[in-house]
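So you know, we letter chains A, B, ... as the sequences are listed, proteins then strands, and number each from 1.
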Amino acid sequence: MPAYITTPIYYVNDRPHIGHAYTTTVCDVWARAMRLRGEDVFFLTGTDEHGVKVEKSAATKGVTPQALADENAAEFQRVLKVFGLTNDDFIRTTEPRHEKQVQYFVKRLLDAGSVYLGTFEGWYDEGQEEYYTETRAKELDYKSPISGRPLTRATEQNYYFKLSSFQKRLEDFFAANPDFVQPAARRNEVLGRLRDGLQDVPVTRTNFTWGIPFPGDEKHVIYVWIDALFNYITALGLGEPGGLLATQRAKYWPAAYHVIGKEILWFHAVIWPALLMALELPMPRRIHAHSFWIADGQKMSKSMGNFVDLPTIEGYFAKYGLDAWRWYMATQGPLQASDSDFRAQHFHETYTSELVNVVGNCPSRVTAMISKYFEGKMPADSQAGGEWPAKCAAAVAQWSAAIDELDLVGAAQAAMSLLREVDAFIHRTEPFKLAKDPARTGELCSILAQCAETVRIAGVMLEPFLPEKMAELRIALGQGDAPAATMAERTTWGRIAAGTQLVKCALFPRVEV
RNA sequence: GCCGAUGUAGCUCAGGUGGUUAGAGCGAGGGAUUCAUAAACCCUAGGUCGGCGGUUCGACUCCGCCCAUCGGCACCA
C-alpha cells in the first residue's frame, strides 16, 4: 500500500537548526517504520526558495536570489546526509518541474473561477514596501517602525483565491474526518477559526519579482505560501498528467501524511484542502502539527541566541552518536500539543537510562551469558519459546498500532517493555546460577534462547529509531546485515537457529558527563 | 480584548461517571546481588493535587471567581 510522508519545505533564508532536524527526523522514523512493515513509502522533503525575504537577503549579500537559494539548498541537502535521513526526493521550488506545474495549477484555478482579480487596500510602508494589518498599523500609530514616516493608504490589484466559497465543504469535510488534523487540540483551533468564517486570500503580489510569474499576467508573482504548498503534488507530477513523474508517483496521492510545525497549521489544514477541492483533487489523509522545542525553559529565538543550531547538534552526534540523537528527537520531542524542553542534562539522562541501561545492557548480558556458557552458540530451546512468542506478537501488534497513529513514543515503548521483561525474566530465573548446576543445562538453554530471540524481535522494532545500532545487534545475533525478509517474517519466533554463532555486544557505551 | 487550553512529588506526566493511606517514569537516598556497560532487582519521596469561595455527608475529581503559563485570532513563511 502506498504511503506518502512529507515534511514542510524549508525556507532557504534560514540555516538548518533543531526545528528542521526534528520534523525531518520524525518523518524519517515514521517512513522507516512503514517501510519495515512492507509499505510502499515515498518520503519527501525540500526547500522553499521564493519570496521577498530571499530577494532582500540576496541583495544584501550582493548575489542573485538563485545563487543564495542554491547555496542554502545545498546546505540543507548536505545536512540530510549527515543525519542519515532517507527521503526519496528533495524538491526545490525554483526547479522548472515545480514552477511549470504551479503555473498549471494556478491556471486551472483561474479557469475554474476559484481565482479572480481583486483590489487590495491597506496601510503601506513605502520604505519597507510592506503592508500592515489594521491592528498592526494602529499599534504602530500609523507610522513606519523603521523610518517613522506615516503609513500611506495604498491599493493594489491582486489575484485572490475564493477561500470563502469553501466554508461549507470544509466544515463537512472536518465533520466527516475527525482525525484529519492531529493532535486533537490543534483540530479544535482550526474548527474554532473556521466558525469565525473565511475570507478570500490573495495569491499574488506585485511588490517583488522573486517568484513564479502568474500565468497570463506576469507582473504578478505567485505568493510564496501557495507556491510552497503545491510542492506536495508537484513532486508527484500531478501537475503534468501523463508525464513521466506522474506515471511513477501519482499512486502516492492521496495517501499523504503531512507532518508540519504548528505555526503553519492554518495553511495546511484549511487553505491547502480548499485549494485541492478547487482543483478537484482528493484530500490528504492527515495533517499532523507538532509543537516546538524550547531551550532550558525558554522560547528559542535567534535574537536570544539560544537556538539549538547545527554545530550544537553535531556536538551531540560526536558525544552520543547519531542514533542517540534520533532517539531523543523521536521519544522526547513535542509531537503532541505542548512544547518540549531541550536540556543537555535530560538528553544525557535519557541516553543513560534508556539506551545504555536497557537497549544496550539487556542484549549485552544475554550475549555475554551465551558466550560464556555455550561458547557463543545459540542454545536449543526445548520449550518452543514458552510464553515469549505470544508476548512478542502482542508487542509487535502494539508497535504497529502506535505507528499507525504516529505515536513514536508508544512504538518505542512496545519494544522497550519487551527488553525490560527480558531483564525481569533473567532476574527471576537466574540463569547465571543455573549455569553452575550441570543437571539444569536444559533449562538454562531454553531461558537464554528465549532471551536472545526476544531481544532480536525487540531489535527489529527499534530499527526505525536506531538504524545503526540495530544493524550492529543483528550482526551480534548472527542475523546478517541486510535483512531482506518482511517484518512479519522477521518478527516470527525462532529465526536464530540453534548453533548460530553469537557475539557479545555493547551497543551504547556509557558517556561521562 | 476575544476564543481555547493548561497549572498534581526536584523534572516529565497519569489520575472515566466525586468516597478509605493521591500514582508512574526519570533524578536523588539506601539495600541486596553479579550474567551484564557499578547495569538489571528491592526499599525510600511525606507533594495543603495554582489560590479563594461554593455545592455535597464527602472534591484532585462538580460550580463560580481570581492568579499564572501557553496556543489561536488570517496574508506571516
Side-chain angles (χ1 to χ4, degrees), chain A residues 8-14 48-54 93 120 122 130-133 135-136 158 160-161 163 184-205 223-229 260-267 270-271 289 291-292 294 297 299 332 336-341 343 345-346 348-350 352-373 409 413 416 419-436 444 447-448 451 504-511:
Chain A
I9 48 175
Y10 303 120
Y11 203 50
V12 283
N13 211 36
D14 242 356
D48 179 10
E49 309 190 354
H50 288 124
V52 67
K53 285 188 184 171
V54 173
T93 58
F120 175 84
E130 256 185 279
Y131 281 93
Y132 296 112
T133 58
T135 34
R136 177 74 181 136
N158 277 321
Y160 282 81
F161 173 56
L163 183 61
R186 296 271 100 86
R187 167 186 146 87
N188 290 339
E189 283 175 13
V190 172
L191 291 180
R193 275 180 73 181
L194 205 49
R195 272 192 296 275
D196 291 342
L198 296 172
Q199 290 175 24
D200 293 350
V201 290
V203 296
T204 63
R205 296 305 292 270
Y223 224 155
V224 263
W225 59 261
I226 187 171
D227 170 1
L229 281 172
I260 60 169
K262 61 185 176 181
E263 81 283 10
I264 50 177
L265 177 62
W266 184 248
F267 290 91
V270 174
I271 297 177
S291 304
F292 298 146
I294 56 178
K299 198 170 266 190
Q332 304 295 321
Q336 297 307 311
S338 50
D339 295 346
S340 295
D341 202 359
R343 281 177 300 129
Q345 193 191 337
H346 186 226
H348 186 267
E349 286 171 1
T350 302
T352 302
S353 67
E354 298 184 350
L355 296 181
V356 176
N357 294 354
V358 179
V359 183
N361 187 58
C362 178
S364 169
R365 63 198 304 210
V366 171
T367 52
M369 281 190 276
I370 292 174
S371 294
K372 192 172 283 188
Y373 309 144
V409 174
Q413 268 173 0
M416 290 291 278
L419 293 177
R420 290 184 205 275
E421 277 200 72
V422 168
D423 276 331
F425 184 58
I426 293 170
H427 177 251
R428 198 167 60 243
T429 58
E430 301 181 310
F432 41 88
K433 286 186 181 165
L434 297 182
K436 292 170 183 163
L444 175 66
I447 290 166
L448 291 182
C451 289
K504 181 178 174 342
C505 62
L507 299 173
F508 293 95
R510 195 162 291 279
V511 173

Could you pick out which residue, A:Gly197 or A:Tyr11, lies toward the 5' side of RNA chain B when each is mapped onto its nearest nucleotide? A:Gly197
Across all strands shown, which nucleotide pairs with B:A28 by Watson-Crick or G-U wobble geometry, both distances under 3.5 Å? B:U44
A:Glu189, nearest nucleotide to its side chain (from B:G71, B:C75, B:C13): B:G71
Do the charged groups of A:Arg428 and A:Asp423 touch, with an N to O distance under 4.0 Å? no
Spatial distance of atom CD (A:Glu263) from atom OG (A:Ser291) [nearest 0.5 Å]: 10.0 Å
How would you label the contact of A:Arg343 with the nucleic acid (heavy atoms, under 4.0 Å): base, sugar-phosphate, or nothing? sugar-phosphate
Taking a pair as Watson-Crick or G-U wobble with both distances under 3.5 Å, which nucleotide is matched to B:U34? none
Taking any heavy-atom pair under 4.0 Å as a contact, classify A:Gln199: base, sugar-phosphate, or nothing. base
Span that lies between the C1' atom of B:A68 and that of B:U8, in whole angstrom: 16 Å
Rounded to the nearest Å, what distance is computed from the CG atom of residue A:Leu191 to the P atom of nucleotide B:G4? 13 Å
Mind checking the C1' distance from B:U20 to B:C13? Whole angstroms is fine. 26 Å
May I ask you to say what A:Pro202 touches in the nucleic acid, namely base, sugar-phosphate or nothing, with a heavy-atom cut-off under 4.0 Å? base
Between A:Trp225 (CH2) and B:C76 (C1'), how many Å, whole number? 11 Å
A:Leu265 CG to B:C76 C1', straight-line distance once rounded to whole Å: 14 Å
Rounded to the Å, how far apart are A:Asp341 CG and B:C26 C1'? 15 Å
Once you apply a heavy-atom cut-off of 4.0 Å, does A:Val201 come out as touching a base, just sugar-phosphate, or nothing? base
Separation of B:G4 P from A:Arg187 CZ (nearest whole Å): 16 Å
Taking OP1 and OP2 of B:C73, is either one under 4.0 Å from a side-chain nitrogen or oxygen of A:Arg193? yes
5′-ward residue of the pair A:Ser353/A:Cys362 relative to RNA chain B: A:Ser353
Taking atom P in both B:C63 and B:G4, compute the distance separating them and give it to the nearest angstrom. 14 Å
With C1' as the reference atom in both, quote the distance from B:G23 to B:A14 in angstrom, rounded to an integer. 7 Å
Have a look at A:Leu198 and say if it touches a base, only the backbone sugar-phosphate, or nothing, with a 4.0 Å heavy-atom cut-off. base
Heavy atoms from other residues, nucleotides or ligands near CD of A:Gln345 exceed 12 (cutoff 6.0 Å): no
To the nearest Å, give me how far apart NZ (A:Lys262) and C1' (B:C73) are. 15 Å
On a whole-Å scale, what distance lies between the P atoms belonging to B:G7 and B:G27? 25 Å
When both hydrogen-bonding distances must be under 3.5 Å and the geometry is Watson-Crick or G-U wobble, what is B:G16 paired with, if anything? none
What is the distance, to the nearest angstrom, from the CD atom on A:Glu354 to the P atom on B:G25? 13 Å
Is there a donor-acceptor pair closer than 3.5 Å between any side-chain N or O of A:Thr93 and the backbone N or O of A:Asp48? no
Give me the distance, rounded to whole Å, that separates B:G25 from B:C67 when you measure between the P atoms they each carry. 38 Å
With no hydrogens and no angle check, is any side-chain donor or acceptor of A:Asn158 less than 3.5 Å from a backbone partner on A:Pro202? no
Between B:G47 and B:U12, how far is it from one C1' atom to the other, in whole Å? 15 Å
Using a heavy-atom cut-off of 4.0 Å across all strands, would you classify A:Arg195 as base, sugar-phosphate, or nothing? nothing
Integer angstrom distance from the C1' of B:C26 to that of B:C73: 38 Å
With a 4.0 Å cut-off on heavy atoms, is A:Gly261 in touch with a base, just the backbone sugar-phosphate, or nothing at all? nothing
Name the pairing partner of B:A22, where a pair is Watson-Crick or G-U wobble with both distances under 3.5 Å, or state none. none
Can A:Tyr160 and A:Val201 be said to form a side chain to side chain contact (heavy atoms under 4.5 Å, CB included), step by step? CA-CA 5 Å; A:Tyr160 282 81; A:Val201 290; 5.7 Å; no
With a 4.0 Å cut-off on heavy atoms, is A:Glu263 in touch with a base, just the backbone sugar-phosphate, or nothing at all? base
Return the nucleotide paired to B:G64: Watson-Crick means purine N1 to pyrimidine N3 with N6-O4 or O6-N4, wobble means G-U with N1-O2 and O6-N3, both under 3.5 Å. B:C52
Is the side chain of A:His346 donor-acceptor paired with the backbone N or O of A:Gln332 at a distance under 3.5 Å, no angle test? no
So does A:Cys505 get a backbone contact from the side chain of A:Thr367, meaning a donor-acceptor N/O pair under 3.5 Å? yes
Is the backbone N or O of A:Gly360 less than 3.5 Å from a side-chain atom of A:Ser364, with the two atoms forming a donor-acceptor pair by type? no
Under a 3.5 Å cut-off for both distances, is B:C76 Watson-Crick or wobble paired, and to whom? none
Please assess A:Asn361 against A:Arg510 for the test side-chain hydrogen bond (donor to acceptor under 3.5 Å, both in side chains), listing each intermediate value before the final yes or no. CA-CA 10 Å; A:Asn361 187 58; A:Arg510 195 162 291 279; over 6 Å; no
Could you tell me which nucleotide pairs with B:U69 by Watson-Crick or G-U wobble geometry, both distances under 3.5 Å, or answer none if nothing does? B:A5
Which letters describe nucleotides 28-37 of chain B, given B = protein heavy atom under 4.0 Å from base, S = only from sugar-phosphate, - = neither? -------BBB
Can you measure A:His346 atom NE2 to B:G27 atom C1' for me and round it to whole angstrom units? 10 Å
